[in-house]
Structure formats: structure tokens, C-alpha cells
Amino acid sequence: MSEQANNIPEPNKPPRYEPAFNVPGVVLLLGAIMIAIQAGTPFLATDAYYLGLEVFAFIPASWSFPLGQLYLPASRFWSPVTYAFLHADWTHVLANLVWFASFGSAVARRLGNGRFLVFLVLATIASAAAHGLLNMESNLPMIGASGAVSGCMGAAVRFAFTPNARGNDVQRPALSLVQSLQNRGVLAFVVLWFVFNWLFGSGIVPLAGVENQIAWEAHAGGFIFGLLAFRLFDPVQT
């Protein structure tokens with residue numbers, strides 16, 4: 001009798017949701033790679049460090065350089081992705097990882113590992129493209145995962161503000177782009193995100209502990225990509 005009773009479904013039992021702090025393995029792995037790279041950076045000789053920036057950081061002006069001026073000409077093709085794994089200091093990498101663990105985890109759980117990795121790569125490239133188009137003459141290397149994180153933020157708002165959604169249910173129906181732009185919660189988040197991103201990125205409001213210039217254009221490019229392209233990767237049928 002007890003076995004039969006245990007097998008009877010409970011019609012009023014609420015659905016199970018993912019724990020709020022259950023970080024997917026793919027997010028942990030990418031975060032571990034960033035931490036390992038940052039931990040190894042102080043052990044590099046100065047020449048090796050700057051060579052690493054030339055080869056793996058995203059430098060907008062490198063696309064207009066003659067190939068002979070580049071240490072590795074092919075680096076212009078992988079640097080729009082690899083720059084995301086490099087960071088200026090521990091404050092930079094840890095700040096990105098906190099936001100990545102929050103928004104990246106939600107998007108990774110919804111998309112699955114394969115789709116999430118493809119999405120992340122394309123968001124990273126979109127972030128670099130936006131920065132490069134607006135800073136074509138810049139020789140300054142851009143580094144950091146904040147563009148990819150911004151892409152995750154843009155994607156997350158497409159399902160985070162679904163009406164009547166409960167708890168941490170990342171499988172809730174997503175809003176269409178039109179519905180998103182009509183949703184007050186989404187609009188408020190997007191407007192505030194762009195305002196604060198511009199204020200901090202332009203230097204009007206200094207960010208404590210940050211000495212380097214913030215590439216706000218890259219953040220915007222990643223966010224817009226995530227917001228617009230999310231539905232192309234979303235496996236949840238709505």
C-alpha cells in the first residue's frame with residue numbers, strides 16, 4: 001500500500017525549479033579558464049605580456065594594419081573571441097564572473113551547453129564588432145568578458161520578465177521581441193542598463209576600483225545581440 005501511495009501523483013504539487021545558485025558546469029569551466037589565465041599573468045615577462053595582448057586581445061586598428069606589421073596575421077581572426085578570456089586585474093575578472101554566474105547560468109540552463117557556447121561566441125564577436133566600428137583607429141587593446149556577459153543579460157530579459165512566472169524557472173515561455181519592447185519591466189531594465197553603462201563607460205561617473213577606460217560600445221553590442229538574437233537559439237517551444 002505504501003508503495004502505491006507513493007506513486008500517486010500529487011496534482012497540487014508545485015513544479016520543481018532549478019536552485020537559484022546552481023551554476024552550470026559550462027559556466028564554471030569558462031570561469032575557471034579566466035581565473036587560471038589571470039593567475040598566470042603576473043608570472044609573464046613584460047615582453048611576453050605585451051605579445052600576448054597583441055596576439056589575443058582585440059585591437060580595432062589591427063584590421064587596417066598591413067599583414068607584415070602583425071606578429072601573427074591570423075590573430076585578427078581569433079582575437080574577436082579570445083579577448084574575452086583576458087582581464088586587466090582581479091577586480092576586473094571577478095566582477096565579470098559574478099555577473100556571468102548570475103545571467104550566464106540562467107541562459108546556459110535554458111539553452112543547453114551547445115547552443116549556449118555558440119551564442120556566447122557570437123555575442124563576444126558582436127561586442128567586438130560594435131567596439132571596432134566605433135573605434136576603428138584605436139590601437140588600444142580591448143580585453144574582458146563583459147561583452148559576452150552583456151549578451152547574456154540581453155538574452156535573459158527575454159524570459160525573465162514573463163508574466164506570472166514563478167521562482168527560478170528558466171523554462172518559462174519567452175516574450176517575443178515585440179512583447180519585450182511593450183513590457184514595462186523589460187523597458188525599465190533596458191533603459192537603466194544603457195544609462196548606467198553610458199555613464200560609467202563615458203567616465204562621467206567614475207567606477208570605484210576601475211582605472212582603465214570602459215568599452216561601453218562593446219557592452220552595448222553584446223547586449224543588443226543577446227536581446228535580438230535570443231529567439232534563434234531558444235529551444236523552448238512557446
In terms of relative ring orientation, are His131 and Phe58 parallel, tilted or perpendicular, with 30° and 60° separating the classes? perpendicular

Okay, side chain of Thr82, backbone of Phe56: is any donor-acceptor separation there less than 3.5 Å? yes

If the test is ring-ring contact (aromatic ring centres under 6.0 Å, His included), which one of Phe194, Phe230, Phe196 qualifies with Phe223? Phe194

Quick one: sort the His92 and His87 rings into parallel, tilted or perpendicular, breaks at 30° and 60°. perpendicular

What donor-acceptor contacts under 3.5 angstrom involve side-chain atoms of residues 140-154, with partners at least two apart or in another chain?
unit_1: Ser146; atom_1: OG; unit_2: His219; atom_2: NE2; d: 2.8
unit_1: Ser150; atom_1: OG; unit_2: Ser146; atom_2: O; d: 2.8

dist Arg110:CZ -> Phe116:CZ (nearest 0.5 Å) comes out at 14.0 Å

Could you list the donor-acceptor pairs under 3.5 angstrom formed between side-chain atoms of residues 39-53 and any protein atom two or more places apart in sequence or on another chain?
unit_1: Thr41; atom_1: OG1; unit_2: Ile37; atom_2: O; d: 2.8

Counting only N and O atoms by type, is there a donor-acceptor contact under 3.5 Å from the side chain of Thr162 to the main-chain atoms of Phe159? yes

Could you check whether any side-chain N or O of Arg76 sits under 3.5 Å from a backbone N or O of Ser62, counting only pairs where one atom can act as donor and the other as acceptor? yes

How about Trp193: does its CH2 atom have over 12 heavy atoms from other parts shown lying under 6.0 Å from it? yes

Ring centre gap for Phe119 and Phe225 strictly below 6.0 Å: yes

If we ignore hydrogens and angles and just use 3.5 Å, is the side chain of Ser105 paired with the main-chain N or O of Ala101 as donor and acceptor? yes

Please check if the side chain of Tyr83 supplies one atom and the backbone of Thr124 the other of a donor-acceptor pair under 3.5 Å. yes

